[in-house]
2 protein chains.
Amino acid sequence: MAPRQGHNLSKNARFAEVVDELAGGYRTIGQMVYAVLKEAITSGTFAPGEWLRQESLAEAIGVSRIPVRTALLQLESDGLVTFHPHRGARVCTLSPAQINEIYRLRTLLESYALRLSMTRMNPDRAEALRKLAARLDEEHEGKEFLDVRVRFYRELYDSENNPLLVQMIEELRGHVGRYLLGFRFSGSHKRQHSDLVEHVAGGDLSSAEAWLYSHLEGVRQGIESILLDEGGDAAPDENAEVEDDGEPPADPSPPGGGQAASRAQAAG
Amino acid sequence: MAPRQGHNLSKNARFAEVVDELAGGYRTIGQMVYAVLKEAITSGTFAPGEWLRQESLAEAIGVSRIPVRTALLQLESDGLVTFHPHRGARVCTLSPAQINEIYRLRTLLESYALRLSMTRMNPDRAEALRKLAARLDEEHEGKEFLDVRVRFYRELYDSENNPLLVQMIEELRGHVGRYLLGFRFSGSHKRQHSDLVEHVAGGDLSSAEAWLYSHLEGVRQGIESILLDEGGDAAPDENAEVEDDGEPPADPSPPGGGQAASRAQAAG
DNA sequence: TTGTCGTAGTATGGATACATTCAACAAGCT
DNA sequence: AGCTTGTTGAATGTATCCATACTACGACAA
């Protein structure tokens, strides 16, 4: 019992950091809780498949259950948690097939966005992209990295003229981000995004697309290897998480909290 | 239940029909209200830009405000309504630019789905598609039509193997459906879907894609003409008949960076 | 020993009541 | 007259409380 306690303690401590970090400056408490929980899920503080108890979350954040419910409902529509009526909400688990489909769709959407963007390329945008890419190739961790990455791809994909397209891409990226938390540091990623920008600025569509394919495929394979490792490690087979009831009742809170802790971004 | 106001009687009557029709058979009241409101919005019972008052909706359905709020929040994440904090929710309004983007994305996604589907075509699926297409070409209205259409496209696009792709397509279709309510009857639509099925079953990709492009472009132009008519009639821009503002303050993003603001995109 | 039934516990879903916030209106000031 | 400011009203957002549904556990019978 003690190890579990200490375990939750560290998790609660990290969660408290997230709370403190984002607790101020929102119009409503529900929006704040939404940001907190989204950050906690996408950063891996809550592991895939973990149950999210409304009451404990409310207590940890310091609000009532209502805004927690509000946030969880929005996260459900975002595809990050699933509700089981009268049983609760748990963090979405993605099967390898689902992850593959996400990357197929990302390839389709992002190459389309790339083509659209390059037809409207101009020196100003190219220069902005160079600056963002340089920052992106320097930082590899933390919220600063995530923020710059969002801004880079919004500029690259011309979110001004393709807001819905960019939103869909970001949603897909958000689904899979938590599965490759410790992966980003492997490999020699020097100048990657800057290379892409040069292809784009030079009007070399095929090279740019090749970069994109290679990039996405590399990340996809990284997730696949991670999933294979973890699959052999502990998780037997978390099947489809459709809200269809009648699941095997012998499915208690997965012991994966520890794994999540070890995978969280150490460098924050 | 009891008609509250006399001036919107016909609207309330139609809404009451929707309520009665969908009121039974759900796990939770919130899910029922979600289905009711989604149906009411996509069927045009609630006009784009119209305010959705939680209390009146709750009274009309016969529940409290909580499940109504629940449903509205889910609909916001679906992109069908937008929340203005402390002011309320209104049915999303789509600008012509947004509708064009939706159709560009539908073309991209649906042609991709078509290609994927045709690589796995077999006589069984072709036969199922023929039957569904025949039914679809007979019925042109009502919930039966909508239901058969969903089943046809799920079979056509192989939702078994591409669940996320089909879900995204259906979401996009749901966004624009309410804009072409009276449009579907114009033109000679005889055998349209059956023609498509023959192309697909025969392995004629280019003809199938040509059918798809023509179909989507026809519907898009229909919506465009409708919007132009209505635009000259009453609405100068996204503000509907409601006389008050549409963008009260500059809608300050939360200070946590740009990422938490991904929710209010589809509103425009 | 096994399978079924019944009961208790717990967490969610929903309803009611309260607090907060925004917007409109009116009065006062420059 | 125009602008600013205080007040009022209404609708939302939140908290607390209650009912319901699901799970777990234990007793009893075959």
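As the structure is a computational prediction, the values presented were derived from the model and not from experiment. To find a chain, count down the sequence lines: A is the first, B the second, and so on, and within it residues start at 1.
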Applying a 4.0 Å non-hydrogen cut-off, can you work out what [X] is touching in the nucleic acid: base, sugar-phosphate, or nothing?
X: R53(A); value: sugar-phosphate
X: I29(B); value: sugar-phosphate
X: L73(A); value: nothing

Between [options], which nucleotide has the shortest distance from any of its atoms to the side chain of [X]?
X: R65(A); options: dT14(D), dG13(D), dT12(C); result: dT12(C)
X: T28(B); options: dA15(C), dA15(D), dG14(C); result: dG14(C)
X: H86(A); options: dC22(D), dG13(D), dG14(C); result: dC22(D)

Check for me whether R173(B) meets the cation-pi criterion with Y153(B), that is, NZ or CZ under 6.0 Å from the six-membered ring centre and within 45 degrees of the ring axis.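 Judged by the rule (NZ or CZ under 6.0 Å from the ring centre, within 45° of its axis), R173(B) counts as positioned above Y153(B).
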Provide, to the nearest angstrom, the distance between the [atom1] atom belonging to [X] and the [atom2] atom belonging to [N].
X: E59(B); N: dA15(C); atom1: CD; atom2: C1'; value: 15 Å
X: I66(A); N: dG13(D); atom1: CD1; atom2: P; value: 12 Å
X: M32(B); N: dT20(D); atom1: CE; atom2: P; value: 16 Å
X: R69(B); N: dA15(C); atom1: CZ; atom2: C1'; value: 14 Å

For a quick test of reading the model: is some side-chain N or O of Q31(A) closer than 4.0 Å to OP1 or OP2 of dG13(D)? no
Looking only at side-chain N and O atoms, does R27(A) come under 4.0 Å of OP1 or OP2 in dC22(C)? yes
Measuring from atom CG of N162(B) to atom CG of L105(A), what distance do you get when rounded to the nearest 0.5 angstrom?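 Between N162(B) CG and L105(A) CG, I get 8.0 Å after rounding to 0.5 Å.
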Give me the atom names and distance for the closest heavy-atom approach of A113(A) to I169(A). CB-CD1, 4.1 Å
Do NZ/NE/NH1/NH2 and the carboxylate oxygens of E155(B) and R151(B) come within less than 4.0 Å? no
Any donor-acceptor pair under 3.5 Å joining the side chain of R87(A) to the base of dG13(C)?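 No, the side chain and the base share no sub-3.5 Å donor-acceptor pair.
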